[in-house]
Each structure stands twice: as structure tokens, then as C-alpha cells.
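First up is the structure itself, then whatever we jot down about it.
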Amino acid sequence: MLLGLFERAALLIIFLFFLSRVPRFRQILQKGKLRWQESIAVTLLFCAFAIFGTYTGINVEGSLVNVRIIAVLSGGILFGAPVGIITGIVSGVHRYLIDMDGVTAIPCLITSILAGLVSGYIHKYTPKPKRWIIGIGAGMICEALTMLLILLFSYPDPLGADIVSKIALPMILGEVNIGLIVLLVQSVEGEKEMIAARQAKLALEIANKTLPYFRSIDEDSLRKICRIIQEDIQADAVAITDTRNVLAYVGFGEERYHIGNEIISEMTKKTISSGEITISNDVIDEKTPDIHSLLIIPLKERGDITGALKIYYRKAYKITYPLQTMAVGLSQIISTQMEVSRVEEIKAAANKAELRALQTTIHPHFLFNALNAIASSIRTKPDRARELIVNLSGYMRYNLELSDELIDIHKELEQVRNYVEIEKARFGSRLNVIYDIDEVAVHIPSLVIQPLVENAIIHGILKVKGPGTVRIRVQDYPEFVRISVSDTGAGISADIIERVYHDRMPGNQIGLYNVHRRVKLIYGQGVTITRLEQGTDILFDVPKGDVVTR
């Protein structure tokens with residue numbers, strides 16, 4: 001009987017072994033926490049094991065020498081209380097229903113349910129290395145309790161004692177198989193560490209290959225980074241996005257994506273908003289219907305989500321546990337490298353005096369025209385001339401005293417007002433400026449609003465006949481402050497917008513592009529430029545709280 005019992009348990013062990021070779025089931029075994037669909041699948045599997053154990057039991061005077069308790073305890077110890085308890089109830093009720101009048105029916109029902117409860121307790125409170133030996137002990141106790149209950153429920157019928165005398169020893173000793181099953185599955189789980197080591201090595205190799213391209217992050221370098229990732233992990237496509245736009249996309253379906261376009265995938269938006277990894281092994285992507293496996297991992301800098309790394313496969317169920325492990329490590333490395341790259345870009349920009357050029361340079365023509373406006377007002381409007389002198393003095397002092405540090409927004413707005421008053425003195429009724437300013441308390445980079453106002457006047461209002469209006473808005477939102485400058489002028493060309501977004505502006509044109517670049521370096525997202533029916537609107541958002549340059 002003992003050999004027969006081990007033979008039946010061996011069938012379960014062999015079946016589990018082959019299941020552990022199946023990639024999808026292997027992923028379940030290697031997961032720390034199962035999804036509800038996976039829990040249902042595992043529960044059904046062990047219920048089938050337990051019922052199979054009952055049907056293949058060795059008949060001894062109406063009793064069955066079987067592996068039901070082995071299946072119940074193994075399932076609960078490995079996968080938790082829900083699996084163990086449900087398996088215990090289902091298999092116990094089944095055992096009772098097929099032999100309701102037998103002396104062993106009720107004892108087997110009771111101990112099957114009890115085994116489920118005990119298995120859940122072992123899973124929750126016992127360290128993994130000890131579960132196999134404690135599982136054997138628990139199984140032996142459950143079988144010993146079954147023998148005791150058979151004696152109690154059959155008394156004074158000697159049949160119970162006769163059955164116990166024949167099946168007790170093989171049933172109790174057979175529980176050694178619980179330890180074998182637990183050790184088998186735990187050996188598959190233990191492979192996670194080796195997998196993690198291999199995937200970490202792969203992630204580091206990819207990081208080493210991509211490192212040179214992080215020295216200057218632009219469209220071309222991001223495409224090369226995506227290409228290296230795609231080739232090394234044999235993906236069908238790889239993409240990198242920021243929080244709003246696609247920055248780079250290579251591989252299958254590349255022709256459908258245009259760099260700089262807004263993200264339209266709801267799964268990507270959900271990943272960016274939640275900060276949680278998205279795994280879909282059987283999906284049809286909105287833009288690439290031939291894609292069936294998708295992994296989206298948020299990219300973070302200083303704890304803030306700045307974009308996403310997306311990995312695509314054309315076949316379903318390609319997002320395996322090893323790939324997920326590698327991609328998570330790779331995303332962390334990419335996030336760190338992008339953060340370091342931004343810091344290096346800021347340092348390089350400072351070394352080349354790109355920021356200084358904007359902050360300290362007063363255009364000679366502007367100064368000449370301002371002095372002319374003051375001179376023409378001295379005799380006819382002396383009070384107005386004095387005001388303009390104060391405005392010009394404040395304007396020049398502001399430029400000379402600037403540093404690279406963030407300044408209070410009200411100080412920047414005062415500089416804008418000084419500039420606007422001088423320009424209004426020059427152009428008179430042709431220029432109308434509206435201030436729509438909420439009461440806010442944030443710090444911003446110096447000279448990011450005034451260049452936008454200057455751009456709106458010089459390249460917008462003065463390019464058309466008749467009067468025009470420039471509107472300066474500072475709007476208070478719960479999590480950020482939105483700063484915008486709009487005009488009713490000629491409107492910006494699509495070519496200039498594309499050049500600004502793709503870092504293709506000539507080196508001698510530092511106005512709008514310089515503002516876009518600085519805002520992007522500091523906040524992770526540059527200005528948003530919109531061509532209106534009449535004129536242009538340019539805006540950017542400043543997060544509330546302490547802003548640290550990335």
C-alpha cells in the first residue's frame with residue numbers, strides 16, 4: 001500500500017514537474033503575489049489533483065488509501081489559504097458524496113477541510129525554508145487525526161479498527177510526498193535569483209552600450225538607445241515617451257508613429273498617471289493592431305514620473321518574468337542616466353554662457369529706441385519721460401543683477417512691466433497689453449516671461465497692420481502654476497514650432513528656443529506653442545513647492 005501511495009504521489013510530482021517547464025505556469029510559480037485569475041487557475045489545478053487522488057485511491061474494505069490530503073496541504077502551503085481552504089472543501093465534500101454511508105466519509109470530510117486551514121496558516125506564518133518539513137509534519141498529524149476520527153465514528157463496529165490497522169501506517173508515512181512537492185515548486189521559485197542576476201547583467205550591458213548617447217539627449221540619440229534595446233532583447237519595437245509626447249520609436253509599426261506627436265495610448269497614459277508597470281500579454285494596440293504583447297514601465301527622476309519605456313512584441317505572451325525583471329532594472333538605469341544627462345546639459349549650458357547670453361545682453365537697438373522714446377517725451381510729457389527713465393533703469397538693473405538661481409515670479413513680472421512700458425512709449429496705440437495675474441507664490445527661472453512678451457510684440461503685433469493685443473496670464477491650479485503669453489499678431493509658422501521642439505534652431509536665435517530649452521531642462525517639459533486663428537499662444541507649467549533642477 002505504501003508503494004502504491006508513493007506511486008500515485010509520483011504522478012502528481014511528475015505532472016507538476018512538466019507544468020513547471022511551461023513558461024506561463026513557470027511565471028505563476030515565480031510570482032510573489034498572484035492575480036485573481038491566476039489564483040483561480042491554481043485552485044482548480046489542486047482541486048483536480050485532490051479529486052484525482054480520491055478516484056485513484058487503493059480500496060481497503062470501503063476505505064481509500066489516497067493522496068487527497070497531500071494535494072490539499074501542498075496547494076495551500078505553496079499558494080496561500082484561499083487555495084488550500086477551497087481545495088480542502090471541494091475535495092472533502094466530493095469524498096463525502098461518493099461514499100456517504102461509509103465509515104470513513106465524515107472523517108475524511110473533516111480532515112480535508114482542516115488540512116486546508118492548516119496549509120493556509122503554514123503559508124502565512126512559516127519561513128519558506130521550513131515549509132517542506134512542517135508540511136510533512138502537518139500532513140502526518142492530519143492523517144493521524146483521520147484515523148482517530150474513523151475509530152470514533154465507527155465505534156463499536158470493529159470495521160473501523162480493522163481499516164485503521166491496515167491503512168494508518170502507509171497513509172501517515174505517505175505524507176512525506178508533501179515535502180517533495182513543496183521542494184520541487186520552491187526550486188522553481190528559487191530560480192528567480194539566478195534569473196534576476198542574468199537579467200541584471202543584460203541590463204548593465206545595454207546600459208553600457210547606450211551610455212554614450214545620454215551625453216546629449218535628442219531625437220537621434222533616443223532612437224539609437226531604443227534600437228540598442230530592441231536588438232539586445234529581441235523585441236519587435238521599443239519606444240520612449242515623456243509625459244505627453246512620443247520621443248522615439250523604432251521597430252515594427254515605426255511608420256505609424258511621428259516623433260513629437262501626442263501620446264494616444266490609454267495604457268501609456270494610465271501608466272504615467274499611476275506610476276505602475278503595465279503588462280499586457282494579449283492585447284491589440286490602437287495604432288499597431290499586429291502587436292499582441294506590451295510592457296510599459298514608467299521612467300522616474302527624483303521620484304517624479306517623466307515618461308515611459310515601452311516594449312512591444314507581435315506574438316502573445318512574450319512578456320515573461322525574466323523580461324519584466326530585466327526591463328524594470330533597465331528603466332531604472334535609463335531614468336538615472338537621463339537625470340544625470342539633464343544635470344550635465346545644464347552645466348554645459350552654463351559653461352558655454354548660453355544662459356548668460358540671454359540674461360545679461362541688452363540689444364543695442366532696444367536701448368537706442370528706448371532712449372529716443374524718452375528724449376521725445378522730455379519736452380511734451382516730462383512726467384512720462386521720468387517714468388520711462390525709471391522703467392529703463394529697473395529693466396537694466398534687473399538684467400545686470402540676475403543669477404542662475406530661481407527668482408520670485410513677481411520680480412520677473414516687474415521686469416516684464418518695465419519692458420512693456422518702454423515698448424508702449426514707442427508704439428503707442430498699436431500695442432495693448434492685458435495682465436491676467438492670479439495671486440501665486442512660486443519661483444521661476446529669470447527671463448522666461450519677458451522674452452516671450454518681446455517675441456509676441458516684435459514677431460507678432462508689429463508684423464501686421466493696425467493695433468494688436470498681448471495677453472499675459474498667470475493662472476493658479478491645484479498642483480501647478482500656468483504661465484502663458486498670447487498675441488493677436490501674425491502667428492508663428494509651423495516650421496519654427498517644429499524647429500523649437502526638435503532642437504534645430506540656429507545658434508544665433510536664442511529667444512523663444514532658449515526659453516523652451518531652459519524650461520525643459522529645469523521642469524522636464526518645455527513650452528507648448530499653439531498657432532491661433534489670429535496670433536500665437538505660448539505656455540508652460542511651473543510645479544508648486546520647492547523646485548530642484550533635474
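- Two residues are said to be in side-chain contact when any heavy atoms from C-beta on lie closer than 4.5 Å; Y501 and H516 meet this criterion.
- The two residues F79 and V42 make their nearest non-hydrogen contact at CD1-CG1, 3.4 Å.
- Counting heavy atoms from C-beta on, the side chains of H410 and E439 come closer than 4.5 Å.
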Before giving the answer on side chain to side chain contact (heavy atoms under 4.5 Å, CB included), spell out for D218 and S221 the whole-Å C-alpha distance, their side-chain angles and the decisive distance to 0.1 Å.
CA-CA 5 Å; D218 54 26; S221 63; 3.1 Å; yes
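- Minimum interatomic distance between P467 and S429 (heavy atoms only, all atoms of both residues): CB-O, 3.5 Å.
- Counting heavy atoms from C-beta on, the side chains of Q525 and N245 come closer than 4.5 Å.
- Relative to the six-membered ring of Y477, R482 meets both conditions, a distance below 6.0 Å and an angle of at most 45° to the axis.
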One pair to check against salt bridge (charged side-chain N to carboxylate O under 4.0 Å, His left out): K315 and D236. What are the steps and the verdict?
CA-CA 9 Å; K315 292 183 179 180; D236 289 308; over 6 Å; no
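- In this structure a side-chain-to-backbone donor-acceptor pair under 3.5 Å is missing from N281 to L294.
- Between A490 and H459, the shortest heavy-atom contact is CB-O, 4.2 Å.
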Apply side chain to side chain contact (heavy atoms under 4.5 Å, CB included) to the pair I297 and Q332, showing each step before the final yes or no.
CA-CA 9 Å; I297 303 175; Q332 293 169 346; over 6 Å; no
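- Of all non-hydrogen atoms in V515 and L447, the two that sit nearest each other are CG2-O, 4.2 Å.
- Two residues are said to be in side-chain contact when any heavy atoms from C-beta on lie closer than 4.5 Å; K310 and C226 fail this criterion.
- Using a 4.5 Å heavy-atom threshold, the side chains of I457 and D487 count as separate.
- Checking side-chain atoms of D541 against main-chain N and O of F480 turns up no donor-acceptor pair under 3.5 Å.
- Counting only heavy atoms from C-beta outward, the side chains of R314 and I291 approach each other to under 4.5 Å.
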Go through it in stages, so that I can follow the logic: the residues are F540 and I522, the test is side chain to side chain contact (heavy atoms under 4.5 Å, CB included), and I'd like the CA-CA distance, side-chain angles, deciding distance and then a yes or no.
CA-CA 12 Å; F540 62 93; I522 294 171; over 6 Å; no
Go through I240 and L299 one step at a time and tell me if the side chain to side chain contact (heavy atoms under 4.5 Å, CB included) criterion holds.
CA-CA 9 Å; I240 293 177; L299 300 176; 4.2 Å; yes
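- L211 contributes atom CG, which lies 11.5 Å from atom CG of L204 (distance to the nearest 0.5 angstrom).
- Closest non-hydrogen pair, R227 versus V250, comes out as N-CG2, 3.7 Å.
- Considering CD1 of I40 and CG of L45, their distance stands at 13.5 Å, rounded to 0.5 Å.
- Here the side chain of R499 pairs no donor or acceptor atom with the backbone of Y513 at under 3.5 angstrom.
- In this structure, OG in S335 is found 10.0 Å from CD1 in I305, a value given to the nearest 0.5 Å.
- The backbone N or O of T488 lies less than 3.5 Å from no partner atom in the side chain of T469, so there is not a single donor-acceptor pair.
- A distance-only check finds a donor-acceptor pair linking the side chain of E412 to the backbone of I449 [under 3.5 Å].
- Closest of all the heavy-atom pairs between L323 and K318 is CD2-O, 3.7 Å.
- A salt bridge does not link K411 with E414: none of the charged nitrogens is closer than 4.0 Å to a carboxylate oxygen.
- Contact check for L309 versus V238: side-chain heavy atoms found under the 4.5 Å cut-off.
- To the nearest 0.5 Å, the span separating OG1 on T306 from CG on L247 amounts to 9.0 Å.
- Residues satisfying the side-chain contact (heavy atoms from CB on, under 4.5 Å) test with T271, not counting sequence neighbours, are T278, I296, P298.
- Annotation for Q37: atom CD counts as buried by contact number, over 12 foreign heavy atoms lying within 6.0 Å.
- Residues D537 and R471 are not paired through a salt bridge, judged by the lack of any N-O separation under 4.0 Å between the basic side chain and the carboxylate.
- Going from atom CG of N418 over to atom CD of Q415 covers 6.0 Å, rounded to the nearest 0.5 Å.
- Side chains of V542 and V440 form no contact here, defined as non-hydrogen atoms less than 4.5 Å apart.
- Within the model, atoms OH of Y312 and CG of L295 stand 10.5 Å from one another, a figure rounded to the nearest 0.5 Å.
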